[in-house]
Amino acid sequence: MNQTVPTPFDVKLMNLTATLMFTACICVAVAALLWWAARHSAFAIRAITVEGEIQHTNELALRSTVAPYLQGSFFTVDLAATRSAFESVPWVRRAAVTREFPNRLKVLIKEQRAVALWGDPVGSQMVNMLGEVFEANVGEVEQDNLPRLIGPLKQAAHVLDMYRALEPLFEPVDESIDQLEMTGRGGWRLRLDSGGEIELGSGSIAEVVDRTERFVRTLAKVVAAHGREPDAVESADLRYGDGYALRLRGVTTTTEPIKQKTRRRR
């Protein structure tokens with residue numbers, strides 16, 4: 001019967017040492033190769049390919065903005081920093097940056113789409129489709145009839161939701177919302193494109209919509225009784241449980257007080 005002879009301890013130690021040395025040599029060789037590749041001119045970033053629907057900026061402006069952040073080579077360039085640099089450009093909402101061997105970067109740009117102006121009329125803030133507030137040149141907006149939304153910055157998405165719920169309600173009277181404001185106390189106030197100011201009161205979107213629907217449904221009949229059209233609304237207050245207060249341009253319901261004659265005593 002053959003018996004296996006145990007490997008001597010010194011042989012085991014030599015084998016382990018050889019394995020470790022071989023592994024270390026491989027690691028050193030790989031590190032040296034990476035060091036060489038990282039510094040070789042062949043892998044320096046030579047070009048950036050920009051893709052996506054770009055309407056408010058151009059590739060030249062994008063590249064010049066990002067150029068100072070392109071530190072390192074194809075292997076060492078910081079993609080996160082590069083992406084942040086692209087997203088710092090006005091109108092750029094998202095940027096996805098990937099490497100293209102051996103010396104190129106590919107960037108997919110997604111621009112902001114403004115659906116409303118935001119806040120101070122002299123400011124440059126707008127709201128995108130997701131209710132996010134961003135800053136850009138308002139003069140570059142294609143639409144010239146964007147509504148203005150006002151309210152706490154953290155409530156921008158909620159203000160946009162309220163606008164989207166209310167805007168269709170005014171179509172039957174051929175009106176649209178020029179400005180919608182969420183006040184500091186959680187109330188709502190809007191201005192129509194004809195200039196009429198309407199106090200909507202507070203509450204959920206459903207509650208405000210219910211009051212507004214009641215107002216619009218009866219408006220044409222009410223103004224017609226005074227020989228007016230819906231665009232004659234100067235102001236309205238819907239903060240009543242069973243009705244609303246209305247003021248029309250050119251119509252007054254006040255009368256001059258009657259002066260009573262005093263009788264002279266004889």
Side-chain angles (χ1 to χ4, degrees), residues 45 47-71 77-100 104-168 170-171 175-184 186-195 197 200 205:
I45 301 299
I48 301 176
T49 302
V50 180
E51 298 181 352
E53 297 182 2
I54 303 175
Q55 298 179 356
H56 298 95
T57 186
N58 56 67
E59 294 188 23
L60 181 60
L62 288 170
R63 292 192 182 94
S64 62
T65 301
V66 175
Y69 299 90
L70 294 180
Q71 304 296 327
V77 64
D78 189 336
L79 296 185
T82 305
R83 183 189 69 247
S84 297
F86 274 106
E87 292 177 352
S88 68
V89 177
W91 290 105
V92 175
R93 180 175 176 269
R94 290 287 183 270
V97 184
T98 55
R99 295 180 173 91
E100 286 190 333
R104 301 175 65 89
L105 293 180
K106 179 180 177 181
V107 185
L108 179 61
I109 296 294
K110 186 171 185 178
E111 280 197 335
Q112 299 278 12
R113 180 180 174 186
V115 296
L117 307 176
W118 178 261
D120 194 331
V122 300
S124 58
Q125 291 185 318
M126 288 169 276
V127 183
N128 65 18
M129 297 183 65
L130 300 177
E132 301 168 337
V133 177
F134 67 97
E135 288 196 26
N137 184 0
V138 177
E140 296 176 352
V141 178
E142 294 85 359
Q143 298 173 263
D144 56 1
N145 59 344
L146 289 181
R148 181 168 298 278
L149 306 181
I150 301 174
L153 187 60
K154 293 182 179 180
Q155 295 293 328
H158 184 48
V159 178
L160 179 60
D161 288 340
M162 181 65 83
Y163 168 79
R164 286 170 169 165
L166 294 175
E167 171 65 10
F170 291 92
E171 291 179 1
E175 289 280 0
S176 60
I177 298 175
D178 178 63
Q179 178 175 296
L180 176 64
E181 178 182 0
M182 181 181 185
T183 65
W188 296 92
R189 179 187 303 124
L190 66 79
R191 183 178 66 223
L192 298 173
D193 59 354
S194 60
E197 302 274 352
L200 303 172
I205 291 180

Beyond-backbone contact of [X] with [Y], side-chain heavy atoms, under 4.5 angstrom:
| X | Y | answer |
| --- | --- | --- |
| L160 | L130 | no |
| M126 | Q112 | no |
| W118 | L153 | yes |
| H56 | E142 | yes |
| V92 | L62 | yes |
| D120 | Q125 | no |
| V159 | W188 | yes |
| L166 | L200 | yes |

For the student: nearest non-hydrogen atoms of [X] and [Y], plus distance:
| X | Y | result |
| --- | --- | --- |
| V115 | P147 | O-CD, 3.7 Å |
| R148 | L117 | NH2-CD1, 3.2 Å |
| R63 | I48 | NH2-O, 2.8 Å |
| E175 | S194 | OE2-OG, 2.8 Å |
| W91 | N137 | CZ2-O, 3.6 Å |
| Q155 | M182 | CB-SD, 3.9 Å |

Spacing of [X] atom [atom1] and [Y] atom [atom2] [to the nearest 0.5 Å]:
| X | Y | atom1 | atom2 | result |
| --- | --- | --- | --- | --- |
| T98 | L105 | OG1 | CG | 7.5 Å |
| E87 | T65 | CD | OG1 | 13.5 Å |
| D78 | T82 | CG | OG1 | 6.0 Å |
| K106 | T49 | NZ | OG1 | 8.0 Å |

Query raised in the report: Between T183 and R189, is any side-chain donor less than 3.5 angstrom from a side-chain acceptor?
Result: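 There is no such pair between these side chains.
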Heavy-atom donor-acceptor pair, [X] side chain to [Y] backbone, under 3.5 Å:
| X | Y | result |
| --- | --- | --- |
| R93 | F134 | no |
| R113 | M129 | no |
| E53 | E111 | no |

